[in-house]
Trainee: 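Here it is: the structure, laid out below.
For clarity, every value in this text was computed on a predicted model and none was experimentally measured. Below, chains carry the letters A, B, ... as their sequence lines are ordered, and counting in each starts from 1. In what follows, every heavy atom counts, from backbone to side chain, and hydrogens, waters and symmetry copies are set aside.
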Amino acid sequence: MQHGGAGVSRQATPRSPRRVDTGAAGRLPVPFGQFIVKVHGRCNLACRYCYLYEGPDHTWRARPAAAAPAVLERTADRIAEHAAAHGLRDVALVLHGGEPLLAGVDRLAALADRVRDLVPADCTVHTTVQTNATLLTDARIAALALHGIRIGISLDGGLASHNTRRTDHAGRPSWPAASRGARLLADRHPDAYAGILTVVDPRTDPVEMYESLLALCPPALDLLLPHGNWTNPPPGLPGTGTAPAGPGSGRPTPYGDWLITVFDRWWPAAHRETRVRLFEECIALLLGLPAATESLGLDPVNAIVVETDGSIEQVDSLKSAYDTAAATGLDVFRHTFDDALGHPGVAARQAGADALAAACRACPLLTVCGGGHYAHRYRADNGFTNPSVYCADLERLVRHIADRLSDATAGAHR
Amino acid sequence: MSESTGNGGPGGGSSGGPDALPDLLELDLEALRTLDHPVLSEVVADLCGRAEQPREMLWGFNSAF
């Protein structure tokens, strides 16, 4: 085990025989490696299910719309400081919002360049921007690519009918502009194309949805469960008035069923038509490897957010739980990222099974499901120590993928 | 990842019990790449170096790529 600065470990995962780590008791925190910078705090769209602007958190209202240059410069300084302190060889810089392109390409490029200039010489910065694609033009994509910024887009499918909830503030559909941006990226700048994020709607036809996304030629997809919890349940699931149901509840699994239909279209193809992060991280976990997703597994979360006013916050999906849920009281002017590592909320996201409900810790799917996404475990009367509101769906999905993987590997040498 | 959860299988419940997941922890990743399963082969090719990666390179934030 190598030790970086400030008593924080830099630990490579041991090789096989692979054994699965379940908790973090007594272990030093994992340094941040992924820095999400809210370069703009507003959006040109008003998607009806948006976890930031249509949820219980209202902190965005009092924050500046755009991150000032001084905030971005100080953020870059802090990222470089953290990278140096912990000997990081790679960091991820995520330009986010709201809609980050509202900040202007020049500001995004300046931030990316500054971080790259300030980190140690042996540290590689991997920069992406996550956009709704409506503001993408050929010139903007080219400029972002010139500054080493790859582009991820958020769409709810590859057809207009899939994106009816993605409207602007006047209620007009975003699809014409978004699809134009997606096509520009795919056709003219494929090297800058990071992938598509899609929020699952189980009312849609899953194969039609998946194939419509393939038509946009993404190198990768992720299929995200809409943010919700036991107090504010996602559409189509039971919520308040019932005790959180753990594994084996037997309830209907609309999200699980939808996802396995997509999996069964993706898995037997003649080649991997696109990477699907959710499925591939599930496979990694089933094989005993660590995962790079918040959706599954027990691996420590090493992402941190900087808001438009310089506030250091926890991962913003927490805002789907309650107002101010992501707050730490820290900011880039007065505090380091090491200070954030000591925050109890951050520590809880690195605690593995220790942070889970008893039902999860006893579950045979523990090390793969990992209790699902942290924010989906919330209930107002007892916080995050519950199974996921999606528990039954996750069980359905994980067991299905495990069975398919087991079938495929039945003759493999052990 | 240095500690066993119990008796070698995934999960915190009884390993090998009726509800346990299939135990896939001992599969040889290089061997999986040679199976006649194109999607599995490509996925495993991407995963082969993961066990040696430092934890801070596993970037899990879901709301972006």
Trainee: Under 4.5 Å from any heavy atom of chain B, what part of A:A292 do you find: side chain, backbone, both or neither?
Mentor: both
Trainee: Go through the atoms of A:N302 and report whether side chain, backbone, both or neither lie under 4.5 Å from a heavy atom of chain B.
Mentor: side chain
Trainee: Below 4.0 angstrom, N of the basic side chain to O of the carboxylate: do A:R275 and B:E42 qualify?
Mentor: no
Trainee: Search all heavy atoms of A:R272 against all heavy atoms of B:V43 and return the closest pair with its distance.
Mentor: NH1-CA, 3.7 Å
Trainee: Would A:R277 and B:F65 count as a cation-pi pair here, with the cationic atom under 6.0 angstrom from the ring centre and within 45° of the axis?
Mentor: yes
Trainee: Rounded at 0.5 Å granularity, tell me how far CG in A:D90 sits from OG1 in A:T124.
Mentor: 5.0 Å
Trainee: Determine all donor-acceptor pairs shorter than 3.5 Å in which one atom belongs to a side chain in residues 31-40 of chain B; sequence neighbours excluded.
Mentor:
unit_1	atom_1	unit_2	atom_2	d
B:T34	OG1	B:A31	O	2.6
B:H37	ND1	B:L40	N	3.1
B:H37	NE2	A:W267	NE1	3.2

Trainee: Under 4.0 Å between a side-chain nitrogen and a carboxylate oxygen: does that hold for A:D316 and A:K38?
Mentor: yes
Trainee: When heavy-atom pairs shorter than 4.5 Å are enumerated against chain B, which of A:S317, A:A269, A:P268 gives the highest number?
Mentor: A:A269
Trainee: Below 4.5 Å from any heavy atom of chain B, which atoms of A:L95 appear? Answer side chain, backbone, both or neither.
Mentor: neither
Trainee: Counting only heavy atoms closer than 4.5 Å, note whether A:V91 contacts chain B via side chain, backbone, both or neither.
Mentor: backbone
Trainee: Specify which of A:V129, A:V315, A:L224, A:V94 makes the most heavy-atom pairs with chain B at under 4.5 Å.
Mentor: A:L224
Trainee: Relative to chain B, which of A:V301, A:L221, A:I153, A:T131 shows the most heavy atom pairs under 4.5 Å?
Mentor: A:L221
Trainee: Tell me, for A:I36 versus chain B, whether the close heavy atoms (under 4.5 Å) come from the side chain, the backbone, both or neither.
Mentor: side chain
Trainee: Measuring heavy-atom distances to chain B, does A:F279 have an atom under 4.5 Å in its side chain, in its backbone, in both, or in neither?
Mentor: neither
Trainee: Just so I understand: if I count every heavy-atom pair under 4.5 Å between each of A:I151, A:T128, A:D403 and chain B, which residue has the most?
Mentor: A:T128
Trainee: Classify the ring geometry of A:H82 against A:F337: parallel below 30°, tilted from 30° to 60°, perpendicular beyond 60°.
Mentor: perpendicular
Trainee: Going by the rule ring-ring contact (aromatic ring centres under 6.0 Å, His included), which residues pair with A:H96 if we only count those two or more places apart in sequence or in a different chain?
Mentor: B:F61
Trainee: Which atoms of A:A194 are under 4.5 Å from chain B, going by heavy atoms: the side chain, the backbone, both sets, or neither?
Mentor: both
Trainee: Which atoms of A:Q130 are under 4.5 Å from chain B, going by heavy atoms: the side chain, the backbone, both sets, or neither?
Mentor: side chain
Trainee: Do you know which of A:A291, A:G297, A:C369 has the most heavy-atom pairs under 4.5 Å to chain B?
Mentor: A:A291
Trainee: Using a 3.5 Å distance criterion without hydrogens, assess whether the side chain of A:S320 forms a donor-acceptor pair with backbone atoms of A:Y51.
Mentor: no
